[in-house]
Protein chains: 2
Amino acid sequence: MSSRAGAAKGRGTRRYPTRDEVARLAGTSTAVVSYVVNDGPRPVSAATKERVLEAIEALGYRPNALARSLRARRTQAIGLIVPDLANPFFGELGRWVEDRGFDGGNALLVGNSMGSEEREQRYVELFLQYRVAGLILVPIGDGRASAQRLRESAVPVVVLDRPVPGLAVPAVLPDNVAGAAAATRHLLEHGYSEVACLAGPDGLASSEERVEGWSRALDEALVPMSGRLLLRTAFGRAAGYRGALELLDRADRPRAVFVASDEQAFGVLRAAAHRGIRVPEDLAVIGFDGLEQAAFTVPGLTTMRQDVRAAGELAVRTLTDRSPQPAARTVRLPVRLCLRGSCGCPDKLEEGGAW
Amino acid sequence: MSSRAGAAKGRGTRRYPTRDEVARLAGTSTAVVSYVVNDGPRPVSAATKERVLEAIEALGYRPNALARSLRARRTQAIGLIVPDLANPFFGELGRWVEDRGFDGGNALLVGNSMGSEEREQRYVELFLQYRVAGLILVPIGDGRASAQRLRESAVPVVVLDRPVPGLAVPAVLPDNVAGAAAATRHLLEHGYSEVACLAGPDGLASSEERVEGWSRALDEALVPMSGRLLLRTAFGRAAGYRGALELLDRADRPRAVFVASDEQAFGVLRAAAHRGIRVPEDLAVIGFDGLEQAAFTVPGLTTMRQDVRAAGELAVRTLTDRSPQPAARTVRLPVRLCLRGSCGCPDKLEEGGAW
DNA sequence: CTGAAAGCGCTAACAG
DNA sequence: CTGTTAGCGCTTTCAG
């Protein structure tokens with residue numbers, strides 16, 4: 001058995017040693033312990049420091065971050081609220097936010113709003129009580145509900161992925177319009193005379209922007225638009241699957257489709273297979289987001305890749321920069337066409353085996 | 001402009017109102033404010049309560065969770081450490097952990113170890129400093145490194161997905177051996193005379209257990225084993241892709257393969273397509289994990305589905321239950337065969353459109 | 001170079 | 001029913 005302070009028997013049984021105990025054991029004052037732990041602000045003689053370090057080690061002392069934050073009047077925690085962590089897009093986003101935060105010594109609190117505004121509110125509230133140093137929000141719905149509560153608060157906030165009309169807060173967004181237009185244009189260049197759009201839900205700004213890009217590309221190419229080419233569904237594989245069936249079961253089914261998210265596109269691929277419709281020969285598909293999984297579908301999914309990493313990192317940086325805050329700024333990150341087989345281009349796995 | 005206490009001009013500029021200000025405005029003592037906020041432990045007259053509530057509202061008062069926790073000597077936060085949030089398996093796990101924690105009013109701190117033991121350690125350390133009420137760990141490698149540090153601490157810990165030999169701590173694990181054996185047996189029942197195994201990395205307990213199950217099923221069926229049937233790769237799509245190419249490029253390539261994770265299996269499906277090998281006609285495939293995405297590959301991926309939700313919820317419950325802790329217990333959750341097209345069974349999307 | 005002590009915001013005795 | 005007050009563990013002036 002270890003020589004350390006009494007081994008834990010039950011659970012959560014043992015108390016954490018405090019600064020007082022360390023001081024006592026080292027035969028110094030608590031202030032000195034603090035100077036050692038923080039390497040400042042006052043100097044400590046080498047000998048004393050040594051004794052303190054030994055006491056810390058012997059006791060297994062771990063500074064209490066809560067007390068520290070209380071005293072400092074600021075935490076090192078940042079909050080992230082997303083619609084669903086199990087959605088690979090938010091998973092990837094979360095990874096980069098976490099990674100960047102970790103570099104800066106931040107802890108990351110995450111909340112899933114699960115598509116519920118009420119739940120989103122509750123998380124905003126909870127994180128505010130935890131006095132997070134910053135809050136990154138991928139808002140649900142039109143985000144108006146959270147806007148008010150946030151505007152009244154003192155935390156720096158960044159919204160990600162979706163603009164929130166009423167909120168004058170920095171935003172990091174993909175260039176949805178340009179991306180959707182590029183995807184549509186690419187399909188047109190493959191020679192299709194019309195391109196359908198399997199869009200995201202109504203009323204969600206990022207969804208509307210992608211529809212806008214699609215429609216703009218059609219206009220530019222002087223392709224006549226028609227309502228029957230546009231179908232809105234929820235984001236997500238299952239919704240994409242059902243939407244695709246609806247499109248594909250029509251007598252005049254489309255030959256090419258721009259899908260507003262990769263997740264929906266996975267559903268489209270599955271639906272086409274289910275109906276015996278070959279991709280890309282009978283149906284050309286382009287998705288949006290650039291998920292890692294898109295490189296592994298059969299055929300590979302051509303998609304508009306967002307730089308999720310840049311988005312996550314930029315969000316954290318915006319929160320973290322202690323520089324005088326410029327007026328709330330919206331940054332549009334470029335998306336780029338990532339060619340694979342589903343649109344009719346050659347279907348090669350990325351060289352170098354990037355993933 | 002709102003009538004509330006001075007609007008924030010810069011960022012993080014405004015201070016949070018404190019309990020003292022609320023008390024002053026309501027003309028009561030701070031204790032009463034506390035009684036109102038916590039609805040106890042002492043009763044408060046309706047009139048006073050009313051005044052306090054108004055003051056709270058007027059000031060936009062939000063109790064400081066840090067101070068509260070410091071005082072209470074315990075937090076409501078739970079820590080989750082996973083290898084990679086962007087991996088859909090851990091994403092799904094995270095979702096359920098979060099969901100269950102949320103019900104209990106817990107905040108969730110998450111850390112990505114990114115496959116690095118050092119990083120895992122640092123997160124354990126960080127979360128301990130935050131005095132999390134409990135820690136859920138999906139350990140990297142053999143997990144031995146974290147074991148010691150955890151054993152010395154006072155936090156309740158649960159390990160998930162992978163056993164840690166040296167750690168006497170509750171564990172929630174899938175029944176890897178039985179699952180792998182069932183998958184292998186199913187492939188054998190399809191009439192294949194031998195079944196290859198594309199396994200996970202060496203030295204990871206959960207990976208070894210799946211190999212064990214595969215080999216056991218082969219033994220039982222009196223199928224001669226051979227080293228050439230077993231290939232280990234890292235978990236992940238890219239590794240699965242490369243491993244599959246290696247298997248498929250052999251002159252005596254296997255006709256049926258049990259793959260140790262769905263992620264790897266996605267790579268296998270892609271590799272087969274790349275080589276013009278049809279699934280399931282030329283190659284039957286079964287994965288492991290039961291990711292949601294597995295229902296959307298082409299063909300649908302037959303897989304051993306884990307009940308990730310049950311695992312996540314059970315982990316939280318184990319941490320949260322304030323009942324006297326029974327001896328560290330290991331729970332094995334059953335996995336069940338989920339039939340789709342990749343093994344040669346009929347390929348239907350789940351009825352009811354579960355997803 | 002080191003120590004004493006005030007106080008971060010909150011809760012819960014204890015005393016009215 | 002309500003008020004006073006002693007800390008929770010830490011940092012940091014201010015004196016030595």
Side-chain angles (χ1 to χ4, degrees), chain A residues 12 14-53 55-56 59-77 126 128-133 154, chain B residues 12 14-53 55-56 59-77 126 128-133 154:
Chain A
R14 199 168 14 161
R15 263 190 43 264
Y16 287 90
T18 74
R19 166 217 60 174
D20 280 7
E21 303 174 41
V22 174
R24 201 171 314 132
L25 182 59
T28 78
S29 75
T30 60
V32 172
V33 177
S34 189
Y35 301 152
V36 171
V37 169
N38 302 322
D39 201 19
R42 303 257 63 95
V44 175
S45 75
T48 311
K49 184 178 210 159
E50 178 65 18
R51 288 211 320 285
V52 171
L53 257 12
I56 287 178
L59 257 25
Y61 169 74
R62 239 179 289 270
N64 182 325
L66 269 42
R68 248 192 226 251
S69 295
L70 182 60
R71 177 65 231 247
R73 318 183 100 266
R74 49 181 296 219
T75 66
Q76 294 260 80
L126 186 66
L128 254 23
Q129 296 190 178
Y130 271 85
R131 301 295 191 260
V132 292
Chain B
R14 199 170 13 165
R15 264 190 42 265
Y16 287 90
T18 74
R19 167 217 58 175
D20 279 7
E21 302 175 40
V22 174
R24 201 171 315 133
L25 182 59
T28 78
S29 75
T30 58
V32 171
V33 177
S34 188
Y35 300 152
V36 171
V37 169
N38 302 323
D39 201 20
R42 304 257 62 98
V44 175
S45 76
T48 311
K49 183 179 212 160
E50 178 64 18
R51 289 208 322 283
V52 170
L53 257 12
I56 287 178
L59 257 23
Y61 169 73
R62 239 180 289 268
N64 183 327
L66 269 43
R68 250 193 224 250
S69 296
L70 182 60
R71 178 64 229 250
R73 319 182 100 268
R74 50 182 296 223
T75 66
Q76 294 260 81
L126 187 66
L128 254 23
Q129 295 190 179
Y130 271 86
R131 300 295 191 261
V132 292

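Note that the coordinates shown come from a computational prediction; the quantities given were computed from them, not determined experimentally. Naming convention: chains lettered A, B, ... in sequence-line order (proteins, then strands); numbering from 1 in each chain.
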Tell me: OH of A:Tyr16 to C1' of D:dC10, nearest whole Å?
16 Å

B:Asp20 near the nucleic acid: base, sugar-phosphate alone, or nothing, with a heavy-atom cut-off under 4.0 Å?
nothing

Qualifying salt bridge (Lys or Arg N to Asp or Glu O under 4.0 Å) pairs, either residue in residues 23-36 of chain B, two or more places apart
none

Among D:dT12, C:dC8, C:dC10, find the nucleotide with the atom closest to the side chain of B:Asn64.
C:dC10

Could you check B:Ala67 against B:Val32 and say which one's nearest nucleotide on DNA chain C is further toward the 5' end?
B:Ala67

Looking only at heavy atoms, the pair that brings B:Val52 and B:Val33 closest together is CG1-CA, 4.2 Å

If you look at every strand shown and take non-hydrogen atoms under 4.0 Å, does B:Thr30 touch a base, only sugar-phosphate, or nothing?
base

Which pairs pass salt bridge (Lys or Arg N to Asp or Glu O under 4.0 Å) with one or both residues in residues 39-53 of chain B, sequence neighbours excluded?
B:Asp39-B:Lys49

For the pair made of CD1 in B:Ile56 and P in C:dC10, what is the distance, rounded to whole Å?
10 Å

Using a heavy-atom cut-off of 4.0 Å across all strands, would you classify A:Arg19 as base, sugar-phosphate, or nothing?
base

In terms of heavy-atom contacts, B:Ser69 and B:Thr75 come closest through OG-CA, 3.8 Å

What is the distance from NZ of B:Lys49 to P of D:dT2, rounded to the nearest Å?
11 Å

Return the nearest nucleotide to the side chain of A:Thr48; candidates are C:dG9, C:dA13, C:dT2.
C:dT2

Length of the CZ-C1' vector between A:Arg51 and C:dT2, whole Å:
11 Å

Would you say B:Arg42 reaches C:dA13's phosphate, i.e. side-chain N/O to OP1/OP2 under 4.0 Å?
no

Along DNA chain C (nearest heavy atom to each residue), the more 5'-positioned of A:Leu70 and A:Thr28
A:Thr28

Does B:Ser45 reach a base, just sugar-phosphate, or nothing at all? Heavy atoms under 4.0 Å.
sugar-phosphate

A:Arg73 CZ to C:dC10 C1': how many Å, rounded?
14 Å

How would you label the contact of B:Val37 with the nucleic acid (heavy atoms, under 4.0 Å): base, sugar-phosphate, or nothing?
nothing

Could you tell me how far apart A:Arg68 (CZ) and D:dT12 (P) are, to the nearest whole angstrom?
10 Å

Measure the distance from CZ on B:Arg24 to C1' on D:dT4 and round it to the nearest whole Å.
16 Å

Between CG of A:Asn38 and P of D:dT12 the distance, given in whole Å, is 7 Å

Go through D:dT12, D:dC10, C:dC8 for me and flag the one nearest to the A:Ser34 side chain.
D:dT12

B:Ala31 or A:Thr18: which one's nearest nucleotide on DNA chain D is closer to the 5' end?
B:Ala31

All heavy atoms of B:Ala55 vs all of B:Ala26, minimum pair found to be CB-CB, 4.0 Å

Are A:Tyr61 and D:dC10 close enough that a side-chain N or O sits under 4.0 Å from OP1 or OP2?
yes

All heavy atoms of B:Leu70 vs all of A:Leu66, minimum pair found to be N-CD2, 4.3 Å

Under 4.0 Å, counting only non-hydrogen atoms across every strand here, what does B:Tyr35 touch: a base, just sugar-phosphate, or nothing?
base

